[in-house]
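Working notes, beginning with the structure itself.
Atoms within a ligand are numbered from 1 in the order they appear, just like the ligands themselves.
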Amino acid sequence: MAEPLSSLESGVQAHLLSAVFNPEQVRLDVWNRLREEVTRLEARHAEGQVSPEHMEQVLSLFAEVHPIERLFVFPGEARLQRLAEMARRHDVEELAEEVRRLVGLLSLHRDRACLLTDLDGTRAAAPEGSHYFTTLVVDDMAAADFERVHRGMLEAQRGEHQFLYELLQVRSVEDALVAVLVNDDVQVCVVRQDLPLRSRSPVKQLRSTLEPILAEAERNGDEAGLVVARWVRRLRPHLNVYLITDESLVGREMHTERLFDRVFYRYESAHELNVTVVDGVRERYRTPFFDALKHYASRPIGNFHALPIARGHSVYNSRWLRDMGEFYGPNLFMAESSSTAGGLDSLLEPTGSIKQAQEKAAKTFGAQQTFFVTNGTSTANKIVHQTLLQPGDVVLIDRNCHKSHHYGLVLAGAHTVYLDAYPVREFAMYGGVALSTLKAKLLELKSAGRLDRVKLVVLTNCTFDGLVYHPERVMEELLAIKPDLAFLWDEAWFAYATFMPLARQRTAMRAAQKLAERLRSRAYREEYRAWRARRGDGDAVAGARALEERLLPDPDKVRVRVYATQSTHKSLSAFRQASMLHVWDEDFERRAAAPLTEAYFTHITTSPNHQLVASLDLARRQMDLEGFAMVKEAYQLAMRMRERLREDPLLHRYMRLLDAEQMVPEVFRGSGLNRYVGPGSAGVDEMTRAWAQDEFVLDPTRLTLFTALTGRNGFEFRSKVLMERLGIQVNHTSINTVLMNATIGVTWGSLSFLLDGLRHEAERLEATLAQATGAERRLFDAKVRAITEELPPLPDFSGFHPAFQPSGGVGEGDLRSAFFLAYREENAEFVTLPEAAQALDSGRRLVSTRFVVPYPPGFPILVPGQEVSPGIVEFMRKLDVKEVHGYRPELGLSVFTEDALERAASTPAPEVPEPRTRGPRHAPGHNGSTPATH
Ligand SMILES: Cc1ncc(COP(=O)(O)O)c(C=O)c1O
């Protein structure tokens, strides 16, 4: 059941992404057409030429928009009916005026219940700062009954000024699901247990997607209310969902699967239902730490601790620092404190507002535990390494992972097995590590008798360039080989993914949860037993067959242990350096809680910045309440951007956004999805299948612009065109691309500005080339060739020198020994690149003392202890970038002297003790589980 449902889950989302089938867009388009039509009607009316056919045309537009308009409070069904009555009465002037007014308000505000206040006078005007939302009542009660409930709830809201809502009735499961998908203002669903499955007036664009859900419910005879709740939880898990039941249904078996936040017996108390609705949203809105900080800032507090800037005294009393105060504003200083008292709590030992904020974040991001980190994901990664690893443990890691991992492993003293991601040679970048590569390495370690030391797999999801793994699939197969393997998914760029089901299914936390549910189910036990029986006697996960076939973990042995680190600041509304560490670990208390505390104490500052912590709390709130709307919009903008660039022939001649077919090899695209836009682009079904099944997918919000056809490499294009001419900042560059992100902060205005700028650049280039002499043209062509056809081959990981290979033969490397060996000056020497090439030719082995990281591409082409290969030297010689960390062009590469290598080779690696099982050492602390002291 898991497969088809998850594919439907993404299918419903795929519909929203697709510009063609986007019902919200259809709705706005119809309203706009209506406006045009009534304006024409008005002109005809002035000439006395309105015919019944003209009116029919207007009425047919009302009919077209009706199925979806019913799912919005504003303008909504009742207003639509009033307009239709005006049309039938031939009240053309009033009709035209009202349509124009409504369309104007709609495009300004979309669905805002607050408009009701101004329009109908049904409410007293609410004060500034009120929050409006829609409560969806999924109930097929008669209109008169609904009106009574509506009135009761309106009455119950009197006196509430902060959280105001309108009720919206839908009468079927189908309407409820469509409303939840298209109406972003819905924050609460009140669902009756018993109601029809299918809509009487369906939104046709979504019918085929929803039909399998409805058909399945019908087949299984599922309770309709349960179907709604289950799907709301899948599509928008953050909404509050309440069940309404009544006497006719009492006693009917209803496994609510913890789907409902509360069950009500009919609408017996409007007051009780109202306070529950408001309280549910208030709780999601509540930001415990930010609220405490605001409160702290508003109190008169004398300050004798070590933070002169607190309350602004040292700034506002200064003659030379006033601009600091003016620029940052007083609140920043009022909220500065080094205190952990007065409601502010301590990040190192949270027991109050920070603890609560972390618990709320865990719920929002689908984790068991969440920890705030104020020194970025760089630090979060090191914390995870130190938590899960002891010296001598083995880690499988993508060599292209962020440098914080490599340094973290030096600190942890773990042995690394570097894995090569698949190369994307035409653009000098890497993709992800194929599952077959991961399996092959793990099986190799198994045959070498090293499996017991393998503790962790580290992968980046999504990669910088937007390639997304299938974490559930990866973890399932690797757990079949090593059932207690832990995973660290570096989601530095992927915090937004939780809020869009299409992407959520590929987040570490969702995958962990799904995997745990599946592996613990009775059905899985059966599946596993049957699979083992088919495999016959002996080791089911060894040999060539294990590599080719899909492997299943042993349910009696497997442990789901998953960690994810997210730079909240990279994709959500948090200040720089504000990150989160999410945990789904079945062995957390037993094996990780105490080491995590120690790791936290090792890496986290004792002076965390309160503003960063507060921004994490706030970013969580925003995503809980509007993450769905914002992320959906970011995807839609990205798709529009892709379409515009593809459709414009001039732009397409010089600049192209890379699509799935360029960045994901066919072998990983089982769905057959080639591209999101352009001829033969993905339909909804393909997109659905791709996200549900493919080994890798490309996230369309990561926009990689291929710049080589402009004759500029990525770096030049960024600095000369984007920064200098257009004032546009982008994410990063490769040799022939620049990467842009459509985040929740991007608007259509900013994308249009970018498009205009690119168009202008293309026109300029076209004009220059038209006037170019033959020689100039040849020069241009040669430049294009150099950054398209003549790229240096990407060097694979060459391997560790035997002196730094503790177990020999399996590729394990002892980074830490090599790293510290280089601390003694006499152990290292510099060789220039030509000298290095010569030395290698003459048979000398050169071994790097350092991490060498060119930007771009930004991955370490050398790590301490790694052999320098001719390919690496060639790559470096051809590399045309300014910034290469760990390499000084005037001196050359730093390598070990032959002496140092000889000594290192003859020194036996220190014996590493077998890890002891850590005792159940834990004390109150983070989320009530870990000990902490200052
Ligand atoms: C994949 C990856 N992980 C971790 C980091 C570090 O994140 P932060 O900047 O939050 O320390 C980055 C930074 O670019 C990154 O790209």
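- At a threshold of 4.5 Å between non-hydrogen side-chain atoms, the residues Leu396 and Val454 count as touching.
- In this pair, Tyr418 and Phe800 present their aromatic rings parallel. The plane angle is below 30°, not in the 30 to 60° band.
- Counting heavy atoms from C-beta outward, Thr498 and Met623 have side chains that stay 4.5 Å or more apart.
- Ring geometry, Phe851 versus Phe819: the interplanar angle falls from 30° to 60°, so the pair is classed tilted.
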For a distance cut-off of 3.5 Å, show me each N or O of ligand 1 paired with any protein N or O, plus the separation.
| unit_1 | atom_1 | unit_2 | atom_2 | d |
| --- | --- | --- | --- | --- |
| ligand 1 | 3 (N) | Asp490 | OD1 | 3.2 |
| ligand 1 | 3 (N) | Asp490 | OD2 | 2.6 |
| ligand 1 | 7 (O) | Ser567 | OG | 3.3 |
| ligand 1 | 9 (O) | Lys570 | NZ | 3.1 |
| ligand 1 | 10 (O) | Thr377 | N | 2.8 |
| ligand 1 | 10 (O) | Ser567 | OG | 2.8 |
| ligand 1 | 10 (O) | His569 | NE2 | 2.8 |
| ligand 1 | 11 (O) | Thr377 | N | 3.1 |
| ligand 1 | 11 (O) | Ser378 | N | 2.9 |
| ligand 1 | 11 (O) | Ser378 | OG | 2.6 |
| ligand 1 | 14 (O) | Lys570 | NZ | 3.2 |
| ligand 1 | 16 (O) | Trp493 | NE1 | 2.9 |

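- Taking the centre of each ring, Phe427 and Phe706 come in below the 6.0 Å mark.
- Between Leu703 and Met641, some side-chain heavy-atom pair lies under the 4.5 Å cut-off.
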